[in-house]
Structures are given as structure tokens and as C-alpha cells.
2 protein chains.
Amino acid sequence: MVASNGDISSFLKSHGLTGTAIRKQVLSHLWGDGVALTQKEIEEKLPPATDRVTLYRTLRLFTEKGVVHKIVLDGETQKFKIAGRFRKSDHAHFYCTKCHKLLCMPQLDVDLTDLPEGFQFSSARLVVEGICDACSGKK
Amino acid sequence: MVASNGDISSFLKSHGLTGTAIRKQVLSHLWGDGVALTQKEIEEKLPPATDRVTLYRTLRLFTEKGVVHKIVLDGETQKFKIAGRFRKSDHAHFYCTKCHKLLCMPQLDVDLTDLPEGFQFSSARLVVEGICDACSGKK
DNA sequence: CTTCTTTTTGCAACATGGTTGCATTTTAAT
DNA sequence: ATTAAAATGCAACCATGTTGCAAAAAGAAG
């Protein structure tokens, strides 16, 4: 729990959501830069009695309201991450295979000038995997 | 069925696989440039009596042997596509939201020079969505 | 083309996760 | 404190991943 209860409550309110117990708990676990968890990972951090449907609905609601982003790592793994300052999850992400943090990388751009003639771009999703700066020992 | 039975049989053999009925059927539906189908879509094209476990195993085997690539479109949809000349599915793909074709776009490159210092790149997956040249009316 | 060995298939079964409906509980506003 | 609206917990259902095993099919050998 990195953020205070007040932080989380006002964060929820600012997104038009009421601050219920499970919502605060889920958010508190997702709080922090680069933290990205699967539904299962979140479930394991919650009290054992937590209903999986409620968690499912909470995450669906969060995603709908833009509170979190769903990011697909490898086709099997879906991670949830607090949306932060970006409205869409359209920008690139970097996934560190060591510390499992997922970082936004809006500076990584796809060169769409190479798109063949006649192709109309609408959206792009890019996930880069590797080792992040903290884990590579440098810096 | 775009390819002849002989084409498909030798294609299977060249990948070290025997040419059984279901394998030939699945391949025949995936044959053709840009064709990419979900497991469900393939299932619907096969005879109604087809066992879903067999199809599942067939696609798993194809993926393992590098006959097809699994490509994730939006986190929910997994499409299968004949691997073609690329050994890995690491290169970029273009998904046409009109005709639902999935095209390899190895020329689309990610500019990884923008990766911040200390970050080590290992692999990247890029899916671009939009309208393909055939559907945009041009060309 | 029959026999034999190996591979593949079909079926039953179980696990997991998405999804819905509904009654009960909680929230937040009066 | 009361009350209307929202959220939760539970049962239940469905789709799909996955395994084990016996029956069937494929390919090789004679």
C-alpha cells in the first residue's frame, strides 16, 4: 500500500466512482509507477474470501472508466495498470522481463511513413520486451 | 480451398507432419495471402462433427512446428495465420478492420534508438490496425 | 494387400475464467 | 436515521484450455 486511503478515495471520486472496499484494495495494489498485475495476481493479494465475480466486475468497470489500462503481453497474459496521464492505451509499453514492471514509452514511435500506399492507419499497439534501466545495473 | 490437396500434403510433409484429414482441412482454410482466423472461425468452417479437442491439438502442433503463427489482435482475439517465409512472428502486422485480413509488414520498423539509456531491448510486437489498400478503394 | 507399430483421434472429464440474474448488503445523500 | 441507488456475494451457466486413455487411422514392412 503505497498511497494513502485519502489519495485513493479522491482518485476514485475524480473518475466518478464510489469508493468501496474492494475498489480501494485493488487500486492500492496497482498503485506505484510501472506496477502491472494480472487478474490472478491481484486476486492473490486480496483477502482469500474475495469474490472473483466482484473483482472481475471491478476491473471491467475500471477499464471502462479509463482508470486502468489492459495491456496484452504475449497473447496469454493480460496485465492491468493504472492509466496515469494517458487517456488511451494506444502508446507503446516496455515490459521488463526481470522485475515485471510495465512502463509507458510514448517516445517510442512507429514509423508509419513506411506504410505501403493505400493503407490507412487507425491505431497501433506496440509492446517492447527486455530489461529495464533499473534491472540492467546501469544508471 | 485455394490450394490443391497435393500442395497441402507436401507442405505438411516439409514440416515433418503427417497429412491427416483435419490437418489438411485446417490448412486449406488458412491458405491464401493475409488469411487469419480465430480458432472459432476455423471450427465453424469444419464439418460439424469435428472434435474441438482435435482442432485444439492440431493448432497447438502447428504453432509448435512453426507452421502457423498466433497473433493477438486486441487482447481477446487470437488469430492463426500460415507462417509463410518468416520464422518468427516477431515482425509487425497490419490488421484490416474491414476485410479482416492480417498482413505481415516487416518493413514497419520500430525506432528503438529512442529507448532510454539503460534499457535493453529483447523483442517487440507491433500490430497496426486500419484499412488495407484493397479496401480503401485505391490501387 | 495384410500385419504390425506408431501416431492421431474422439470422448469423457476436469479446470479456469467470462458472464448473467437476483437477492442482500453497502454507500452516500437527504 | 431514513431511504433510494449502487455494489456485492452467490449460484449458475457457458466457452475454452487441458489431460488421459481407449479406439481408429496412417505409414512401414513383409
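So you know, we letter chains A, B, ... as the sequences are listed, proteins then strands, and number each from 1. Side chains included, hydrogens not; waters and symmetry mates left out as well; all remaining heavy atoms used. Source: prediction; values computed, not measured.
Ring orientation note: the planes of B:F11 and B:W31 are nearly perpendicular, at an angle over 60° on the 30°/60° scale. Between A:F119 and B:F94, the angle of the ring planes goes over 60°, which puts this pair in the perpendicular group of the 30/60° scheme.
The side chain of A:T20 places no N or O atom within less than 4.0 Å of a non-bridging phosphate oxygen (OP1 or OP2) of D:dA6. The shortest distance between the side-chain N/O atoms of A:R23 and the OP1/OP2 oxygens of D:dA6 is not below 4.0 Å.
A:K101 is linked by a side chain to side chain contact (heavy atoms under 4.5 Å, CB included) to A:C99, counting only residues two or more places apart in sequence or in another chain. Partners of A:T113 under the side-chain hydrogen bond (donor to acceptor under 3.5 Å, both in side chains) rule, at least two apart in sequence or in another chain, are A:D111. Residues forming a side chain to side chain contact (heavy atoms under 4.5 Å, CB included) with A:Q25 (at least two apart in sequence, or on another chain): A:A21, A:L46, A:P47. Legend: residues meeting side chain to side chain contact (heavy atoms under 4.5 Å, CB included) with B:K45, ordered by chain and number and at least two apart, are B:H29, B:L37. In this structure, the side-chain hydrogen bond (donor to acceptor under 3.5 Å, both in side chains) partners of B:T18, at least two apart in sequence or on a different chain, are B:R23. In this view, A:T54 and A:D51 satisfy the side-chain hydrogen bond (donor to acceptor under 3.5 Å, both in side chains) rule, not counting sequence neighbours. Scored by the side-chain hydrogen bond (donor to acceptor under 3.5 Å, both in side chains) test, B:E129 finds A:R125 as partners (sequence neighbours excluded). In this view, B:K13 satisfies the side chain to side chain contact (heavy atoms under 4.5 Å, CB included) rule with no residue, not counting sequence neighbours.
Within the structure, salt bridge (charged side-chain N to carboxylate O under 4.0 Å, His left out) contacts touching residues 34-44 of chain A (residues at least two apart or in different chains) are A:E41-A:K79.
We find that CD1 of B:I42 is positioned 12 Å from P of D:dT16, with the value rounded to whole Å. Between B:F80 atom CZ and D:dT16 atom P there is a gap of 12 Å when expressed in whole angstrom units.
Heavy-atom contacts of chain A under 4.0 Å fall on DNA chain C between two terminal nucleotides, which in 5' to 3' order are C:dG17 to C:dA28.
Comparing B:Q39 and A:L61 along DNA chain D, the residue whose closest nucleotide (by nearest heavy atom) sits nearer the 5' end is A:L61. When each of B:K13 and B:K40 is assigned the nucleotide of DNA chain D with its nearest heavy atom, B:K40 is the one assigned upstream, toward the 5' end.
Comparing the local axis fitted to the first five base pairs of the helix from C:dC1-D:dG30 to C:dT30-D:dA1 with the one fitted to its last five gives a bend of 30°, rounded to 10°.
Of the residues in residues 48-58 of chain A, those lying under 4.0 Å from DNA chain C by heavy-atom distance are A:R52, A:V53, A:Y56, A:R57.
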